Amino acid sequence: SYFVLTVCGRSGVGSWADCRFIYRSATAASASAIMSSMGKNAQVRNKSANPNQITAEQLLREAVDRQAAEAVAPKQRIVDEDELMMYKVRKRKEFEDVIRRQRQNIGSWVKYATWEASQQEFRRARSIFERALHVEYQNVSLWLKYVEMEMKNKFVNHARNLFDRVVQLLPRQDQFWYKYAYMEELLGNYAGSRTIYERWMEWEPDDNAWLQYGKFEERVGEIDKGRKVMERYVSCRPTQQAFLRLTKFEEKHNNVARARSGFEKAVELLGSELDEKFYIKFAQFEQRQKEMERAQAIFKLALDVLPKGASDELYRAYVSFEKQHGDRDAIEEVVLNKRRFIYEEAIAKNPRNYDVWFDYVRLEESCGDVAKIREAYERAIANKPPVMQKRYWRRYIYLWIYYALFEELQTGDVEKARAVYDAMIKVVPHKQFSFAKVWKLYAEFEVRQLELERARKIFGRAIAECQKERIFLDYADLEMRLGNIDRCRTIYGKFLEVHPHNPKAWNVYVDLEDSVGEVERARALCGLAVQQERLDMPELVWKRYIDLEVGQDELDNARKVWQSLLGKSHHVRVYIAYSDFEAVTCQSMTGCREALENGQKHFKEENRNEERSMILEHWLKLEQQHGDEKSVEAIQKRQPKRVKKRRSIPGEDGQEAFEEYMDYVFPEDKPEAANLKILEMAHAWKKRKLNTSA
């Protein structure tokens, strides 16, 4: 290990990983040698740790300490011309060997030429650069080094010749034109520099070249020539940036009229290509000239011309301008335009978002511009729902309704409102679905215009196409207000023809006859209604029949109606309602007890304990309110007890299972029946036990 450490230190190995690798390799080699010499029975007898341990830090430190110092070449001093010549020959031979091996390596050529220039051998340096240009004349860095050498050593004519050559060979490399013109400017040769710029402009370079030409004319004090340069620039490259630079140039030199003309010419030539930044610059220019009306007009023009999604910054600038220089109306107009912009964006994303249309229309109505309001309504109603389902049409149809009401109430244009109603009726697909509200509003509109015949025709058309319950009720209500009872009867008769199973159709007809004193007609209608084999909610008709008789103080007839109802239905609520009728309306507890007793017997026969319990509970309540103590005590003794019971149900695996349920035990039931049930259960248990033992 010491040998390995020594070798690592002397050989300059400074890494602990390298030393460790060498150490392990040497250890492995020595171990293999020992093992081979000792044979197959070789064993390590002493496996304890070495008492002299060494750390990685010690290894690295010793390796660094044992490193030998690097050899440094001695400094050479040239004392005579012969040694200098020998040095130059040797260096040239080295450079020539390098460029012979690596001819395409331009860096070697540049080093060679630079060394020759450092030895004041400029002819040799030029020769080397020329040889390098024969290898690759399009190398920009090579030309730059060549020109830099000539300029650094003040060979101006050589530099001019090089610039002339390179701008002819590489005219699209702008940096050569820049350096050439700047060199002539530094030398005070402004005419030569201008000639170079003119030669450069013939190639129609990018914007920066024109801009540098203009700045050059400014530096030399030739403002008129600079203006001509900028005009040629705009003619050559008619872009937004070019016009902005032209106007900035003119404004800088206090030529406001020409600057404004530049802005206007840009709007004329590049109207669709201009963005919000140009218009903001234009407006700011007018503000600097104290032309606030012009600036306001520019902002409005830009907001009208530019698309809505590309003028956020312009709008903010306009708002700021109006807050500084505008009046209250102008500021409100800006706010309204902002809200219009928001609504237009939302509509562009989803033209069938009717909530946005409602807000948009309200905004226009708040402004009061009738033309814009109508335009908003027309645009809104043009977006019909694509699906023929009523739930998608509910919001849409209100746009038509608000449009018609606006024309009638706000503008007072009756014919326009009528046209809107007619169009609305045509738009709705009445074969799939319809809206009763639409027909009602149209008819009421005609009534307000005193056109009763038109209103009747509208309702008649609605009955033919819509046939909704609301249509009949509204039509009858109109005729009732006009006092046309016969027309109301006709309408309700039609209502019954169209909806014979609707109890409301019967009830409103009965209400009509009852209101005009035709009790017999009302009673006949009730009789017809209760005889119908099918009604949606027959209890409403029975209730109206009973209320009719009670209202005429015909309690016997009402009792007969109740008896007829009990003959058709034995629902527990019918018995309870009948008992309330006898106890409260007729004040006959005898009839009430008889009705409840009949109901209790009926449900006992059908073994419906829940209904029996409800009847007895209601009976007790009535006795407490209208009976005496004995009757209350008697009913309390008949009240059932609620108990928990078990019954067998088929199990999932075929075995018998049980479930718990709540039942009622009535005191008046015979106990023998309960004992008999226990006996039956015992017999069933014994039978199951015998089957199991067998």
Side-chain angles (χ1 to χ4, degrees), residues 6-15 18 60-170 173 175-189 192 196:
T6 304
V7 171
C8 291
R10 291 183 177 179
S11 60
V13 178
S15 173
D18 297 338
L60 292 174
R61 187 174 296 164
E62 290 181 9
V64 172
D65 292 340
R66 295 171 184 268
Q67 279 184 348
E70 295 183 359
V72 179
K75 294 184 178 180
Q76 296 180 356
R77 292 195 177 189
I78 300 174
V79 296
D80 56 6
E81 188 174 354
D82 293 336
E83 289 183 3
L84 178 59
M85 292 299 295
M86 291 175 63
Y87 166 73
K88 291 182 178 181
V89 169
R90 187 175 69 253
K91 291 293 289 185
R92 288 187 181 117
K93 185 176 183 304
E94 291 175 0
F95 281 122
E96 290 291 343
D97 291 341
V98 171
I99 62 177
R100 186 167 54 250
R101 289 193 303 266
Q102 300 177 357
R103 182 175 176 81
Q104 301 298 327
N105 188 356
I106 301 300
S108 300
W109 292 97
V110 172
K111 289 180 181 179
Y112 189 8
T114 305
W115 179 80
E116 291 288 357
S118 66
Q119 300 299 321
Q120 303 299 316
E121 296 286 348
F122 298 113
R123 295 181 61 186
R124 286 181 176 273
R126 292 188 189 100
S127 176
I128 295 167
F129 274 121
E130 293 295 336
R131 288 166 60 193
L133 290 175
H134 283 293
V135 175
E136 187 178 355
Y137 77 93
Q138 293 181 344
N139 193 303
V140 176
S141 61
L142 178 60
W143 284 101
L144 289 175
K145 292 291 184 181
Y146 195 0
V147 172
E148 183 181 352
M149 183 201 73
E150 299 289 0
M151 294 173 65
K152 184 178 180 181
N153 294 285
K154 300 182 180 180
F155 296 112
V156 177
N157 291 327
H158 285 285
R160 284 196 181 105
N161 294 334
L162 285 177
F163 276 124
D164 285 332
R165 287 171 61 191
V166 72
V167 297
Q168 290 179 1
L169 293 174
L170 304 175
Q173 295 296 331
Q175 53 185 330
F176 296 116
W177 294 102
Y178 282 129
K179 289 181 177 294
Y180 193 8
Y182 186 60
M183 183 189 74
E184 296 293 350
E185 185 179 354
L186 289 178
L187 295 173
N189 187 8
I196 295 167

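Please read these numbers as outputs of a predicted model, since none were measured by experiment. Values below: every heavy atom of this structure, side chains too, minus hydrogens, waters and symmetry copies.
Side-chain contact check for Val156 versus Leu187: some heavy-atom pair is nearer than 4.5 Å. Tyr146 has its side chain within reach of Leu133: a pair of non-hydrogen atoms, C-beta onward, lies under 4.5 Å apart. Looking only at side-chain heavy atoms (C-beta outward), Lys145 and Phe129 come within less than 4.5 Å of each other. Side chains of Asn189 and Arg160 form a contact here, defined as non-hydrogen atoms less than 4.5 Å apart. Residues Leu169 and Trp143 form a side-chain contact, since some pair of their non-hydrogen atoms from C-beta on lies under 4.5 Å apart. Within the 4.5 Å cutoff, the side chain of Lys88 has no heavy atoms near those of the Ile78 side chain.
With sequence neighbours excluded, no residue forms a salt bridge (Lys or Arg N to Asp or Glu O under 4.0 Å) with Arg103.
Between Asn139 and Leu142, the shortest heavy-atom contact is OD1-N, 3.1 Å. In this structure, Leu170 and Tyr137 approach most closely via the heavy-atom pair CD1-O, 4.3 Å. Closest approach of Met183 and Phe163 over heavy atoms only: SD-CE1, 3.9 Å. Minimum heavy-atom separation, Met151 to Ala159: CG-CB, 3.8 Å.
The pair Arg131-Glu96 meets the salt-bridge criterion, since a charged nitrogen lies less than 4.0 angstrom from a carboxylate oxygen. Salt bridge Lys93/Asp97: present, at least one basic N to carboxylate O contact under 4.0 Å. The existence of a salt bridge linking Glu116 and Arg123 is excluded, since no basic side-chain nitrogen approaches an acidic carboxylate oxygen closer than 4.0 Å. With salt bridges taken as basic N to acidic carboxylate O contacts below 4.0 Å, one links Arg126 and Glu150. By the 4.0 Å N-to-carboxylate-O rule, Arg165 lies close enough to Glu130 to be salt-bridged with it.
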**Q.** Verdict with reasoning, Phe176 to Val140, per side-chain contact (heavy atoms from CB on, under 4.5 Å)
**A.** CA-CA 9 Å; Phe176 296 116; Val140 176; 3.6 Å; yes
Q: Start with the C-alpha distance between Val147 and Lys179, add both sets of side-chain angles, then the distance that settles side-chain contact (heavy atoms from CB on, under 4.5 Å), and finish with yes or no.
A: CA-CA 10 Å; Val147 172; Lys179 289 181 177 294; 5.8 Å; no
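Put simply, CE on Met86 and CG on Leu84 are 11.0 Å apart, with the number rounded to the nearest 0.5 Å. In this structure, CD1 in Ile99 is found 3.5 Å from CH2 in Trp109, a value given to the nearest 0.5 Å. Atoms NZ and CD1, from Lys111 and Ile106 in turn, are 13.0 Å apart once rounded to the nearest 0.5 Å. With rounding to the nearest 0.5 angstrom, the CG atom of Asn105 is 10.5 Å from the CD atom of Glu136. For the atom pair OG of Ser127 and OH of Tyr112, the computed distance is 8.5 Å after rounding to the nearest 0.5 Å. Rounding to the nearest 0.5 Å gives a distance of 6.5 Å between CE of Met149 and CG of Asn153.
By the 30° and 60° cut-offs, the orientation of the rings of Trp115 relative to Phe95 is tilted.
Surrounding CD of Glu81 are at most 12 heavy atoms belonging to other residues, nucleotides or ligands under 6.0 Å away.
Within the 3.5 Å criterion, the main-chain N or O of Ala117 finds no donor-acceptor partner in the side chain of Glu121.
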